[in-house]
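Have a look at the structure below before the remarks.
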Protein chains: 2
Amino acid sequence: MPDESTLQQALRRFEAFLKAQKLKKTPERMAVLEAIYAHNGHIEAAKLHEVLQERHPGLSLATVYNTLELLSRAGLVLAHRFDTGKTVYEKALGRYQHDHMLCQDCGRIVEFCDPALQEIFSHIEEAYDFEVHHHALLIYVRCRKSHCPHRPSVQSTQAS
Amino acid sequence: MPDESTLQQALRRFEAFLKAQKLKKTPERMAVLEAIYAHNGHIEAAKLHEVLQERHPGLSLATVYNTLELLSRAGLVLAHRFDTGKTVYEKALGRYQHDHMLCQDCGRIVEFCDPALQEIFSHIEEAYDFEVHHHALLIYVRCRKSHCPHRPSVQSTQAS
DNA sequence: ATTTCTGCAAACACTTTGCAAGCTA
DNA sequence: TAGCTTGCAAAGTGTTTGCAGAAAT
C-alpha cells in the first residue's frame, strides 16, 4: 500500500466524515489533512502550522487546531501527549499499529509493536465488559546499556 | 503492609534522596510528601495545594510543584498526564502496579493490572537492549455495553 | 441566502521562573 | 555563615475562544 493511496483514502474518509457531520469542506481543512499525511512520524501543531505556511500562507493556527480535532474525531489522526506539555499528532492510516518507547537518556522516541497487547485488550473486554476503543502505551527506557541510535548530546527538535 | 509503614518508608527514602542530592530537608517538602501519601488515588497539584493549606497555611503552589518534581525523580510519586492538560500525581509506594482505563462515555478512570505487561517489558529489554524504567498504559474504553459503575451525568472532580 | 469557517488577537489554565527574605546544614 | 528554599507574583506555554468578515452549501 503506497503512501499515495493512503492520502487518497484519508481524503475520501474525511469528506465522508464532514458530510455526515454536516460540516463544510474547506481548502484549509483539506490542506491540514494533506500536511499531516505528508509528514512521517510525530508533528506538533505549531510545526504543522509552520509547514502549512509554505503552500497556504495565512492559514491560521486556530484552524490547525480546529482541524486536528476534527481529524482526531474522524479517526484519521492520532494525538499523543507525552510528557512535554505539547501534543503531537500523527496520521492514523497507513501506519502499523504501534506504541512508543521514550529514552530517558537521549530523548529519542522509538516505536515498537507487540502483539501481546491485543491479548491484554481482549482480556479486558471480557473481564470488564468494556469496549476497548484505543490506547496509548508509553515505556520509559534508558539506552545506556549500549546502542541507542541517537546518542545524548545534540538531539535538536529534529529538522524536517 | 499497613498504610502507616508505607508513609514511613517513603519518608525515609525521601530523606535519603535529599541527602544524596545534597538537597535540604524542609518542613514544606515533608508536608507535600505526607499529603500525597495520605491521599488515595490521583490528585492534581492545585488540589494538593488546597489540602495542604489546612495544616500548612502559606505553603505555596510553587513549592508543591517543586517538591512533586523531586518526589517524582526520587521514584516516590508517579505523574500522569491523561488528556486534560492537568497533571495528576499519585504515591508510588504501597500501591500495586497498575494502569488506567479511561471511560470515554462517563469519564471514569478505572485501574487494572495485567501481568502480561511484564512479559512485554522483558521482551523489549532483550530485543532492544534497553532498560525499562517505568511506563504508562492508557486504554480508552466505552462502558455502554452495560455497567460502568459511574454512569454519565454528574461526574464532578470527585470530592475528597 | 444561510450557516459554517476563518483569522486575529485576546483569553485561558497550568506550570515555571526570578528575586529577596528565610531557613537548613 | 553559606547556600539552598520559600513565597510571591509575574512570565511562559500550548491551546481555546469570541467575533466580524469570508466562504461553502
Return the value, rounded to whole Å, for the distance between atom CD of Gln21(B) and atom C1' of dT5(D).
16 Å

Around atom NE2 of His98(B), are there more than 12 heavy atoms of other residues, nucleotides or ligands at under 6.0 Å?
yes

Any donor and acceptor pair, going by atom type alone, linking the side chain of His49(B) with main-chain N or O of Glu44(B) inside 3.5 Å?
no

So which protein nitrogen or oxygen atoms get under 3.5 Å of nucleotides 19-25 of chain D's nitrogens or oxygens?
unit_1: dA24(D); atom_1: N3; unit_2: Lys24(A); atom_2: NZ; d: 3.3
unit_1: dT25(D); atom_1: OP1; unit_2: Lys25(A); atom_2: N; d: 3.3

Can you tell me the distance, in whole Å, between the NZ atom of Lys22(B) and the C1' atom of dA2(D)?
15 Å

Between Arg29(B) and dC4(D), is there a contact of a side-chain N or O with OP1 or OP2 at under 4.0 Å?
no

Apply side chain to side chain contact (heavy atoms under 4.5 Å, CB included) to residues Leu70(B) and Val32(B) and explain how you reach the verdict.
CA-CA 11 Å; Leu70(B) 293 179; Val32(B) 172; over 6 Å; no

Closest non-hydrogen atoms of Leu93(B) and Tyr37(B), given as atom of the first, atom of the second and distance, are N-OH, 3.1 Å

Phosphate-side-chain proximity, Thr63(B) and dG7(D), N/O vs OP1/OP2 below 4.0 Å
yes

Evaluate the criterion side chain to side chain donor-acceptor pair (under 3.5 Å) for residue pair His123(A) and Glu119(A); output intermediate values, then yes/no.
CA-CA 6 Å; His123(A) 182 225; Glu119(A) 292 172 28; over 6 Å; no

Rounded to the Å, how far apart are His49(B) NE2 and dT16(C) P?
15 Å

How close or far is atom P of dC23(C) from atom CE of Met30(B), stated in whole angstroms?
18 Å

Length of the CZ-C1' vector between Phe82(B) and dC14(C), whole Å
17 Å

Using 30° and 60° as the class boundaries, would you call the ring planes of His135(B) and Phe121(B) parallel, tilted or perpendicular?
tilted

Classify the side-chain pair Glu28(B)/His56(B) by whether it contains a donor and acceptor separated by less than 3.5 Å.
no

Evaluate the criterion side chain to side chain contact (heavy atoms under 4.5 Å, CB included) for residue pair Ile139(B) and Phe112(B); output intermediate values, then yes/no.
CA-CA 10 Å; Ile139(B) 303 184; Phe112(B) 74 94; 3.6 Å; yes

State whether the number of non-hydrogen atoms from other residues, nucleotides or ligands found under 6.0 Å of His134(B) atom NE2 is greater than 12.
yes

Respond yes when some side-chain nitrogen or oxygen of Asn66(B) is under 4.0 Å from OP1 or OP2 of dT16(C), and no when none is.
no

Just the table, please: protein N/O against nucleotides 11-15 of chain D N/O, every pair under 3.5 Å.
unit_1: dG14(D); atom_1: OP1; unit_2: Lys86(A); atom_2: NZ; d: 3.2
unit_1: dT15(D); atom_1: OP1; unit_2: Thr87(A); atom_2: N; d: 2.9
unit_1: dT15(D); atom_1: OP1; unit_2: Thr87(A); atom_2: OG1; d: 3.0
unit_1: dT15(D); atom_1: OP2; unit_2: Tyr65(A); atom_2: OH; d: 2.1
unit_1: dT15(D); atom_1: O5'; unit_2: Tyr65(A); atom_2: OH; d: 3.1

Rounded to whole Å, NZ of Lys19(B) lies from P of dT24(C) at a distance of 15 Å

